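Remarks on the structure that follows.
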Amino acid sequence: MAQKTALIVYAHQSPVSFNAAVRHVAMQELAAQGYRVLVSDLYAMNFRANATQDDIIGDLKTPEHFQYGDETMSAWMEGRLSDDIVAEQRKVEEAELVIFQFPLYWFSVPAVMKGWIDRVLTQGFAFSLKNMYNNGVFKDKKAMLSFTTGAMQTMFKPDGINGDINITLWPLQNGTLHFCGFQVLAPQIFWSPAHCPADVRTAMLDGWRARVKGLLEEKPLTFAPCELFDLSFQGGFRLWPKVREERESQTHGITTGHHLGKPLPPDNQIKAQPADESSAQTDCRN
């Protein structure tokens with residue numbers, strides 16, 4: 001049986017940070033399960049965050065009007081992407097599981113990790129209009145966010161000052177990971193470790209260690225599948241009218257983003273639905 005591979009895309013400047021400890025736990029536990037663990041330590045690699053024409057080897061297709069997405073797609077098809085991008089794409093191809101480990105910056109990932117997303121997940125390699133969401137390129141792979149916050153958990157409640165964490169996570173988990181086809185596992189959130197006593201941080205790491213042991217058996221989060229939408233320019237890539245009619249009697253929207261003007265489904269972006277609930281609603285893994 002071929003050895004399975006996991007990739008940890010890691011962004012923290014300090015080797016003695018709590019994020020580094022979380023990464024170490026994941027590396028240990030995955031290795032103990034027989035995984036080959038790859039780590040992209042973005043700061044240590046001095047990974048370039050800005051997406052420019054330097055990412056393309058050779059002549060541009062339209063030098064008079066540089067369009068990064070079109071040029072990198074052509075370069076990917078022709079084997080002309082820069083070596084650092086190709087190296088990261090190979091890691092993604094090899095991995096059954098990708099974990100993004102980072103401190104939450106401005107409700108998102110650090111700039112160096114955003115640069116990794118922008119540059120590595122190129123059109124063609126990671127997505128197309130025919131291969132997206134539950135029909136995406138990476139539909140047989142799993143991915144997840146694992147991150148620390150400066151804020152305590154109550155600040156990210158629906159009535160907290162930062163607003164609902166489910167809404168915060170929607171762009172990353174739906175707009176990036178699920179868009180590329182990944183089965184998105186529930187995020188691992190370490191709430192305000194810098195303001196916790198040592199024994200609480202130890203308990204956080206122990207909880208993460210226990211979770212990693214069964215990580216690959218977890219049910220992914222639920223998203224709206226492409227089959228619910230008219231995937232044509234004429235139809236505007238909107239829900240089929242019949243689907244909207246069927247949802248009228250439902251208490252909640254379909255997902256955090258597809259709320260249809262209804263209350264959001266509870267914890268849609270931080271917890272997988274129990275089997276009895278998901279059977280009554282549309283599941284992205286159909």
Side-chain angles (χ1 to χ4, degrees), residues 5-11 38-102 105 108-147 169-185 220 223 225-226 229 231 233 237 257 284:
T5 299
L7 168 62
I8 301 175
V9 183
Y10 171 75
L38 307 175
V39 177
S40 291
D41 186 339
L42 300 182
Y43 285 110
M45 294 161 59
N46 198 26
F47 190 83
R48 184 164 57 82
N50 53 324
T52 70
Q53 65 185 54
D54 291 338
D55 292 343
I56 297 142
I57 298 171
D59 295 334
L60 299 176
K61 298 294 184 182
T62 55
E64 68 280 3
H65 179 43
F66 178 67
Q67 297 187 54
Y68 186 82
D70 292 342
E71 293 286 356
T72 52
M73 180 172 64
S74 295
W76 170 74
M77 294 174 65
E78 297 167 6
R80 296 188 297 108
L81 286 173
S82 61
D83 291 344
D84 58 341
I85 292 177
V86 172
E88 295 304 299
Q89 289 182 342
R90 294 292 173 266
K91 295 176 187 178
V92 174
E93 287 177 331
E94 294 171 13
E96 285 85 9
L97 169 68
V98 182
I99 299 174
F100 293 84
Q101 182 64 54
F102 59 96
Y105 279 10
S108 187
V109 296
V112 69
M113 184 172 284
K114 180 58 164 63
W116 187 97
I117 291 169
D118 289 348
R119 298 180 65 224
V120 175
L121 301 181
T122 58
Q123 188 171 352
F125 169 72
F127 70 92
S128 71
L129 285 179
K130 291 184 178 180
N131 301 107
M132 60 181 179
Y133 293 117
N134 59 300
N135 297 320
V137 174
F138 302 138
K139 62 184 179 181
D140 296 324
K141 300 177 183 292
K142 295 184 178 182
M144 68 175 294
L145 306 178
S146 174
F147 61 92
L169 294 176
W170 178 258
L172 286 170
Q173 295 190 152
N174 180 76
T176 300
L177 300 182
H178 180 50
F179 183 75
C180 293
F182 285 110
Q183 300 174 48
V184 185
L185 300 179
F223 296 89
C226 291
F229 301 86
L231 301 181
F233 288 100
F237 293 79
C284 72

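Since this is a predicted model, take the numbers as computed values, not measurements.
Ring geometry for Phe179 versus Tyr133: interplanar angle over 60°, hence perpendicular rather than tilted (30 to 60°). By the 30° and 60° cut-offs, the orientation of the rings of Phe102 relative to Phe147 is parallel.
Electrostatic pairing of Glu93 and Arg90 counts as a salt bridge here, judged by a charged N lying under 4.0 Å from a carboxylate O. Using a 4.0 Å cut-off between a side-chain N of Lys or Arg and a carboxylate O of Asp or Glu, Asp70 and Lys61 do not qualify as a salt bridge.
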query: How far apart are the C-alpha atoms of Met113 and Val9, what are their side-chain angles, what is the distance that settles it, and do they pass the side chain to side chain contact (heavy atoms under 4.5 Å, CB included) test?
result: CA-CA 8 Å; Met113 184 172 284; Val9 183; 4.2 Å; yes
- request: Step by step, work out the side chain to side chain contact (heavy atoms under 4.5 Å, CB included) result for Phe237 and Phe229.
  value: CA-CA 6 Å; Phe237 293 79; Phe229 301 86; 5.6 Å; no
message: With side chain to side chain donor-acceptor pair (under 3.5 Å) as the criterion, how do Ser108 and Lys114 come out once you've worked through the C-alpha distance, each side chain's angles and the decisive distance to 0.1 Å?
response: CA-CA 9 Å; Ser108 187; Lys114 180 58 164 63; over 6 Å; no
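Tested against Arg119, the residues Asp55, Thr72, Asn50 include a single side chain to side chain donor-acceptor pair (under 3.5 Å) partner, Asp55. Of the listed residues (Tyr43, Tyr10, Phe100), just one forms a ring-ring contact (aromatic ring centres under 6.0 Å, His included) with Trp116, and that residue is Phe100.
Residues Pro220 and Lys142 have side chains not in contact (no heavy-atom distance under 4.5 Å, counting atoms from C-beta outward). Side-chain contact between Gln173 and Leu145: present, with at least one pair of heavy atoms (C-beta onward) separated by less than 4.5 Å.
Defined by atom type and a distance below 3.5 Å, a donor-acceptor pair is present between the side-chain atoms of Asp84 and Ser82.
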